[in-house]
2 protein chains.
Amino acid sequence: MRPLFHPSVEEVRPEAILHALSDPERAAIFAEISGAGCVQACSAVAVVGDRTIPKSSLSHDIKVLREAGLIRCERHGVEMRNHSRCGEIEGRFPGLLASILSAYALVAREPGVG
Amino acid sequence: MRPLFHPSVEEVRPEAILHALSDPERAAIFAEISGAGCVQACSAVAVVGDRTIPKSSLSHDIKVLREAGLIRCERHGVEMRNHSRCGEIEGRFPGLLASILSAYALVAREPGVG
DNA sequence: TCAATAGTTCTGATGTTCCGAACTATGGTG
DNA sequence: CACCATAGTTCGGAACATCAGAACTATTGA
């Protein structure tokens, strides 16, 4: 398997970040990876709320996050470890990820529409 | 023409904001509306960079921004006036819009890929 | 070598986006 | 009022994106 593509921090584009995080499920996956610092994905993040994400979808979501520059993925044996690149992104776009994650955390705490 | 739908600030969802602003063209339109405070759209914002947005696309973009809660649109005679709802959103999601607009402004100042 | 585990790619159904053409709404002029 | 011009919306089809099941690949362990 060829090494996975990761954009350098200079190549990271705001539209890619916003697109990646405009899906609440993907945002939740990213929040979990960021919170844990290093998570054994994808199985470890496969449940969001009360939904189990199909593994093909999860694989796709992880790819979107990776290609947006939000996470770094490394194979360790049979599994993938996903690290948040929060720190790097914070250096380039100060406050961006924190305010996005806070916004989602805020609405998650509210009664909600469902 | 029935009055346009505007979500109340409590109904505004982060995913809608991120989705709306994940298109750089739409983000530029929003930045222009926010910068001007009140812009006679849609014609006034129809040129982004060196591209003139077709009016059906522009109408759609304005609608996406409006339904995301980012702008408020009022008909004044034959034209529409678009106001940014930055202030309201700032109260609900502090720092969110500022960091997004800063991120775009930052990459706009860079040499760029093209 | 074979099985198990973890994740990726393929594929087709469903949904979204884009934009020209046709349409609607408002205001001005005679 | 009839008519035109202006500003924006809606329609419709082509192009593109997303979702998830099935089939596949890669790695480890027995």
Side-chain angles (χ1 to χ4, degrees), chain A residues 1-6 13 15-30 32-33 36 38-68 71-83, chain B residues 1-6 13 15-30 32-33 36 38-68 71-83:
Chain A
M1 192 166 265
R2 68 191 159 307
L4 296 165
F5 170 74
H6 290 89
R13 312 234 92 216
E15 58 267 39
I17 293 179
L18 299 194
H19 173 250
L21 298 180
S22 70
D23 177 349
E25 219 158 72
R26 216 144 48 203
I29 294 167
F30 178 65
E32 193 161 324
I33 292 172
C38 170
V39 170
Q40 269 87 333
C42 299
S43 44
V45 292
V47 179
V48 165
D50 47 6
R51 190 176 105 95
T52 300
I53 304 173
K55 64 181 192 165
S56 61
S57 304
L58 187 56
S59 179
H60 173 73
D61 286 339
I62 293 281
K63 184 184 178 193
V64 170
L65 291 173
R66 174 171 54 77
E67 294 186 346
I71 62 175
R72 195 175 287 282
C73 309
E74 281 168 44
R75 189 174 261 284
H76 280 249
V78 80
E79 77 195 7
M80 217 64 165
R81 285 192 203 154
N82 301 304
H83 308 253
Chain B
M1 193 165 266
R2 68 192 159 308
L4 296 165
F5 170 74
H6 289 89
R13 312 234 93 219
E15 57 268 40
I17 293 179
L18 299 194
H19 173 250
L21 298 181
S22 69
D23 176 350
E25 220 158 68
R26 216 143 47 203
I29 293 168
F30 178 64
E32 194 162 323
I33 292 172
C38 170
V39 170
Q40 269 88 330
C42 299
S43 45
V45 293
V47 179
V48 166
D50 48 5
R51 188 176 107 95
T52 299
I53 304 174
K55 65 180 190 164
S56 59
S57 304
L58 187 56
S59 178
H60 173 75
D61 286 339
I62 293 282
K63 184 183 177 193
V64 170
L65 292 172
R66 175 171 53 78
E67 294 187 344
I71 62 176
R72 196 175 286 282
C73 310
E74 279 168 47
R75 189 173 261 285
H76 280 249
V78 79
E79 76 195 8
M80 218 64 165
R81 284 192 205 155
N82 302 303
H83 307 251

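Since this is a predicted model, take the numbers as computed values, not measurements. The figures here come from the full heavy-atom set of this structure, side chains too, leaving out hydrogens, waters and symmetry mates. Proteins get letters first, then strands, A, B, ... in listed order; numbering begins at 1 in each.
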Whole-Å gap separating P (D:dG8) and CD1 (B:Ile71) = 11 Å

Separation of atom CG in B:Asn82 from atom C1' in D:dG8, rounded to whole Å = 11 Å

Which comes earlier along DNA chain D counting from the 5' end, the contact point of A:Gly77 or that of A:Ile53, where each point is its nearest nucleotide?
-> A:Ile53

Where do N or O atoms of nucleotides 11-14 of chain D meet protein N or O atoms at under 3.5 Å, pair by pair?
none

note: B:Arg75, atom CZ; D:dA7, atom P; distance rounded to Å ~ 11 Å

So what does A:Arg51 touch, heavy atoms closer than 4.0 Å: a base, only the sugar-phosphate, or nothing?
-> sugar-phosphate

Can you tell me the distance, in whole Å, between the CG atom of A:Leu4 and the P atom of D:dA26?
-> 13 Å

Kindly write out the residues that satisfy side-chain contact (heavy atoms from CB on, under 4.5 Å) with B:Ala20, not counting sequence neighbours, or none if the list is empty.
-> B:Val64, B:Leu65, B:Ala68, B:Leu70

Who pairs with B:Arg81 by side chain to side chain donor-acceptor pair (under 3.5 Å), at least two apart in sequence or on another chain?
-> B:His76

Give the rounded distance in Å between these two atoms: CD of B:Glu67 and C1' of D:dT9.
-> 13 Å

Would you please name every residue forming a salt bridge (charged side-chain N to carboxylate O under 4.0 Å, His left out) with A:Glu32, sequence neighbours left out?
-> none

Please name all residues satisfying side-chain contact (heavy atoms from CB on, under 4.5 Å) with A:Ser22, sequence neighbours left out, ordered by chain then number.
-> A:His19, B:Leu18, B:His19

Counting heavy atoms from C-beta on, name the nucleotide in C:dC19, C:dG7, D:dG8 closest to the side chain of B:Met80.
-> D:dG8

For DNA chain C, which residues in residues 17-29 of chain A have a heavy atom at a distance below 4.0 Å?
-> none

B:Glu79: partners by salt bridge (charged side-chain N to carboxylate O under 4.0 Å, His left out), with sequence neighbours left out | none

Flag side-chain contact, heavy atom, 4.5 Å: B:Ile62 against B:Met80 = no

Identify, with sequence neighbours excluded, every residue that meets side chain to side chain donor-acceptor pair (under 3.5 Å) alongside B:Asp61.
-> B:Arg26

Using salt bridge (charged side-chain N to carboxylate O under 4.0 Å, His left out) as the criterion, list what pairs up with A:Glu74, not counting sequence neighbours.
-> none

Those residues that, when tested against A:Lys55, pass side-chain contact (heavy atoms from CB on, under 4.5 Å) (two or more places apart) = none

Would you jot down, in residue-number order, the residues of residues 57-64 of chain B having a non-hydrogen atom under 4.0 Å from DNA chain C?
-> B:Ser57

Nearest-angstrom distance from the residue atom CD of A:Glu79 to P of C:dT8 | 12 Å

Grab the NZ-C1' distance between A:Lys55 and C:dC10 for me, whole Å please.
-> 14 Å

List for me each residue that meets salt bridge (charged side-chain N to carboxylate O under 4.0 Å, His left out) alongside B:Arg72, sequence neighbours excluded, and say none if there are none.
-> B:Glu88

Can you figure out which of C:dC19, D:dG8, D:dT6 approaches the side chain of B:Val78 most closely?
-> D:dT6

Closest non-hydrogen atom pair, B:Ile33 against B:Val45 | CG1-CG1, 4.3 Å

